[in-house]
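The first residue of the sequence shown is numbered 1, and numbering continues consecutively from there. Keep in mind that what you see is a predicted model, and the values were worked out from it rather than measured.
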Amino acid sequence: VQLQASGGGLVQAGGSLRLSCAGSGRAFNMHGMGWFRQAPGKEREFVAAISRNGGTIHYAESVKGRFTISRDNAKNSVYLQMNTLKPEDTADYYCAAVLMRTTAQTMGAFKTGGMDYWGKGTLVTVSS
């Protein structure tokens with residue numbers, strides 16, 4: 001699975017952005033999908049994850065209630081709708097995929113960053 005993220009940009013605090021990640025390969029719907037981010041000078045951190053059928057979703061505490069992850073398997077795509085953006089959301093955002101195991105194992109892989117595939121980042125900058 002090859003992944004290509006897009007949709008980053010510059011936005012004012014309180015604004016919104018929608019990130020998209022397009023995947024190639026037939027097995028897209030066999031993978032849990034998610035988003036990570038890495039701010040300057042900081043370690044990469046988990047943001048959100050969604051199971052292959054969309055039935056299970058997890059978010060980092062810092063984005064709960066503001067970000068929404070979704071997927072469209074027919075389009076081999078996963079999305080991250082980001083609302084009420086804050087300057088601390090500024091980071092490179094990466095989409096990632098992991099081959100589904102049990103739901104618990106798959107969601108656990110997102111918490112540890114143990115992904116099978118990574119896309120290149122898309123930069124989100126939130127100005128105050």
Side-chain angles (χ1 to χ4, degrees):
V1 177
Q2 291 185 325
L3 304 171
Q4 180 65 53
S6 62
L10 174 64
V11 63
Q12 288 187 334
S16 299
L17 279 176
R18 187 189 192 217
L19 304 184
S20 299
C21 177
S24 63
R26 292 183 179 181
F28 182 86
N29 64 351
M30 297 298 291
H31 290 76
M33 299 296 299
W35 293 91
F36 293 78
R37 66 186 182 186
Q38 186 168 19
K42 295 188 177 181
E43 293 186 354
R44 185 163 53 194
E45 64 175 359
F46 166 75
V47 176
I50 186 168
S51 62
R52 66 173 182 170
N53 63 0
T56 300
I57 290 175
H58 287 182
Y59 295 102
E61 287 295 327
S62 59
V63 306
K64 277 183 180 179
R66 300 188 299 121
F67 290 11
T68 302
I69 189 171
S70 61
R71 67 187 295 163
D72 184 341
N73 287 338
K75 296 182 179 180
N76 278 12
S77 293
V78 63
Y79 308 100
L80 187 67
Q81 177 66 43
M82 305 185 295
N83 298 329
T84 319
L85 282 161
K86 304 175 181 180
E88 51 264 43
D89 294 318
T90 294
D92 279 308
Y93 283 73
Y94 299 85
C95 63
V98 62
L99 187 65
M100 281 291 297
R101 306 168 182 90
T102 67
T103 299
Q105 289 172 330
T106 301
M107 293 297 114
F110 280 101
K111 295 298 175 64
T112 62
M115 301 291 96
D116 294 321
Y117 304 99
W118 292 92
K120 292 183 179 179
T122 185
L123 179 62
V124 173
T125 303
V126 184
S127 63
S128 57

*Asks:* Starting at CG of Leu99, measure out to CG of Asp116 and round the result to the nearest 0.5 Å.
*Replies:* 6.0 Å
*Asks:* Name all pairs fulfilling the side chain to side chain donor-acceptor pair (under 3.5 Å) condition that reach into residues 12-22, sequence neighbours left out, sorted by first residue then second.
*Replies:* Ser16-Asn83
*Asks:* Run the salt bridge (charged side-chain N to carboxylate O under 4.0 Å, His left out) test on Arg66 and Asp89 for me, step by step, so that the C-alpha distance in whole Å, both residues' side-chain angles and the decisive distance to 0.1 Å come before the verdict.
*Replies:* CA-CA 11 Å; Arg66 300 188 299 121; Asp89 294 318; 2.7 Å; yes
*Asks:* With a 4.5 Å cut-off on side-chain heavy atoms, are Val98 and Met33 touching?
*Replies:* no
*Asks:* Is the shortest side-chain heavy-atom distance between Val124 and Met82 below 4.5 Å?
*Replies:* yes
*Asks:* Tell me whether Arg71 contacts the main-chain N or O of Ser77 through its side chain, where contact means a donor paired with an acceptor under 3.5 Å.
*Replies:* no
*Asks:* Applying the 4.5 Å side-chain criterion to the ILVMFWY set and letting contacts propagate, would Val78 and Val47 be lumped into a single cluster?
*Replies:*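 As far as the 4.5 Å side-chain criterion goes, Val47 and Val78 are connected within one cluster.
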*Asks:* Are any non-hydrogen side-chain atoms of Phe46 and Arg37 less than 4.5 angstrom apart?
*Replies:* no
*Asks:* Show every ring pair (Phe, Tyr, Trp, His ring centres under 6.0 Å) that has at least one partner inside residues 61-114, sequence neighbours left out.
*Replies:*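 Every candidate ring pair (Phe, Tyr, Trp, His ring centres under 6.0 Å) pair involving residues 61-114 fails, so no pair, neighbours aside, qualifies.
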*Asks:* Would one find more than 12 heavy atoms of other residues, nucleotides or ligands at under 6.0 Å from atom CD of Gln4?
*Replies:* no
*Asks:* Keeping Thr106 on the side-chain end and Arg101 on the backbone end, is there a donor-acceptor pair under 3.5 Å?
*Replies:*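 It does hold such a pair.
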*Asks:* Check whether Tyr59 reaches the backbone of Ile69 with its side chain - one donor and one acceptor, N or O, closer than 3.5 Å.
*Replies:*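 Flag set: sc Tyr59 to bb Ile69 pair under 3.5 Å.
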*Asks:* Please enumerate all residues that pass side chain to side chain contact (heavy atoms under 4.5 Å, CB included) together with Lys120, with sequence neighbours excluded.
*Replies:*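 Residues passing side chain to side chain contact (heavy atoms under 4.5 Å, CB included) with Lys120: none at all.
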*Asks:* Roughly how far, to the nearest 0.5 Å, is OG of Ser70 from CG of Leu80?
*Replies:* 8.5 Å
*Asks:* For Arg52, does its backbone N or O pair with a side-chain atom of Asn73 as donor and acceptor, under 3.5 Å?
*Replies:*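 Here the side-chain-to-backbone pair exists.
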*Asks:* Let me confirm one number: the SG-CG distance from Cys95 to Leu19, rounded to the nearest 0.5 Å.
*Replies:*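 So the SG of Cys95 and the CG of Leu19 are separated by 9.0 Å.
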*Asks:* Sub-3.5 Å donor-acceptor pair from the side chain of Gln38 to the main-chain atoms of Lys42, do we have one?
*Replies:* yes
*Asks:* Can you tell me how far CG of Asn29 sits from CE of Met100, rounded to the nearest 0.5 angstrom?
*Replies:* 11.0 Å
*Asks:* From Thr90 OG1 over to Leu85 CG, what is the distance, rounded to the nearest 0.5 angstrom?
*Replies:* 8.5 Å
*Asks:* Going through the checks in order, is the side chain to side chain contact (heavy atoms under 4.5 Å, CB included) test met by Gln81 and Leu17?
*Replies:* CA-CA 6 Å; Gln81 177 66 43; Leu17 279 176; over 6 Å; no
*Asks:* With a 4.5 Å limit on heavy-atom distance, are the side chains of Phe28 and Lys75 in contact?
*Replies:*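 Phe28 does not reach Lys75 side chain to side chain.
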*Asks:* Could you tell me if the side chain of Val11 sits less than 4.5 Å from the side chain of Thr125, heavy atoms only?
*Replies:*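 They are not in side-chain contact.
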*Asks:* For Ser6, does its backbone N or O pair with a side-chain atom of Thr122 as donor and acceptor, under 3.5 Å?
*Replies:*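 Judged by distance alone, no pair lies under 3.5 Å.
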*Asks:* Does one hydrophobic cluster hold both Tyr117 and Ile50, with members joined at side-chain heavy-atom distances below 4.5 Å?
*Replies:* yes
*Asks:* Please find the pair of heavy atoms, one from Met107 and one from Ala49, that lie closest to each other, and give the distance.
*Replies:* SD-CB, 4.1 Å
*Asks:* Should Ile57 and Trp35 be regarded as members of a common hydrophobic cluster, given that ILVMFWY residues are connected when their side-chain heavy atoms come within less than 4.5 Å of each other, either directly or indirectly?
*Replies:* yes
